[in-house]
Amino acid sequence: DGGITQSPKYLFRKEGQNVTLSCEQNLNHDAMYWYRQDPGQGLRLIYYSQIVNDFQKGDIAEGYSVSREKKESFPLTVTSAQKNPTAFYLCASSIDTGDTQYFGPGTRLTVL
Amino acid sequence: SQQGEEDPQALSIQEGENATMNCSYKTSINNLQWYRQNSGRGLVHLILIRSNEREKHSGRLRVTLDTSKKSSSLLITASRAADTASYFCATGRSNDYKLSFGAGTTVTVRA
């Protein structure tokens, strides 16, 4: 899992609540990413950030928000607008976009 | 959008046997990467092969890339129980910010 940490490992949310997933890296990487993984499927990109104070929508950004105020941190908020948020969320970073990505251990979010 | 498609979806082999899985993609790429994911964990990068390379080795791993057929293969030799995992290919394109991941091949190595 390299120098990327995600917390918490498991998260339970009631319907209608916003929750924030933490992602921190000490690899001095400029680029960071958030993916969603559903059972038996590959990774789908939610948001990515190439540099501090900049981020872009990925393929499935609706119902999610992010911030990139520090190089080391890229938190993801799952809002109540996300209708089916139960999934495994993975954060990754890379020296630059398109390069090898280093993944955190993931956060499993369950909506009760 | 998933550019990479792995085949087969699942593979079960005996310890000591070789495991081969394939990845096909649709558009031109700059590089192709293989990752491993143990159940419930993050992905671990295994190997990256660039579009101008045809074969690459790393320990018991051998990756080939055929850009004319838009396909790649990952061979794991002398498999071990610890190789049990899902394996994903991901393609990177020039001037593109992201990697595109396939749905993965689940490999089970029986003791």
- Message: Could you walk me through whether B:L43 and A:Q101 satisfy the side-chain contact (heavy atoms from CB on, under 4.5 Å) test, starting with their C-alpha distance in whole Å, then the side-chain angles of each, then the deciding distance to 0.1 Å, before giving a yes or no?
- Response: CA-CA 9 Å; B:L43 275 69; A:Q101 293 186 13; over 6 Å; no
- Between B:N31 and chain A, which part of the residue has a heavy atom less than 4.5 Å away: side chain, backbone, both or neither? side chain
- Item | Under 4.5 Å from any heavy atom of chain A - which part of B:Q37 | side chain
- Message: Are there residues of residues 45-53 of chain B whose heavy atoms fall under 4.5 Å of chain A's heavy atoms? If so, which?
- Response: B:H45, B:L48
Joint cluster assignment, [X] & [Y], ILVMFWY side-chain distance < 4.5 Å:
X	Y	result
B:V109	B:L11	yes
B:I13	B:L61	yes
A:V66	A:I46	yes
B:Y35	A:L43	yes
A:V52	A:F74	no

- Query: Would the number of heavy atoms belonging to other residues, nucleotides or ligands and lying under 6.0 Å from CZ of B:R110 be above 12?
  - Reply: yes
- Query: What do you reckon, is CD of A:E62 surrounded by more than 12 foreign heavy atoms closer than 6.0 Å?
  - Reply: no
- Query: Any idea which of A:K9, A:Q56, A:Q6, A:Q37 has the most non-hydrogen atom pairs under 4.5 angstrom with chain B?
  - Reply: A:Q37
- Message: Please list all pairs meeting disulfide (SG to SG under 2.5 Å) that have one or both residues in residues 42-92 of chain A, counting only residues at least two apart or in different chains.
- Response: A:C23-A:C91
- Message: Would you say that A:Y48 contacts B:L99 through its side chain, given a criterion of any heavy-atom pair below 4.5 Å between the two side chains?
- Response: no
- What is the distance from atom CG of A:D59 to atom OG of B:S100, rounded to the nearest 0.5 Å? 7.0 Å
- Message: Just verifying a value: how many Å separate B:F101 CZ and A:Y35 OH, rounded to the nearest 0.5 Å?
- Response: 4.5 Å
- Task: Check side chain to side chain donor-acceptor pair (under 3.5 Å) between B:E15 and all other residues, then give those that pass, not counting sequence neighbours.
- Result: none
- salt bridge (Lys or Arg N to Asp or Glu O under 4.0 Å) with A:K71: which residues, sequence neighbours excluded? A:D30
- Of all the heavy-atom pairs spanning B:Q33 and A:T100, show the shortest one and how long it is. OE1-CA, 3.4 Å
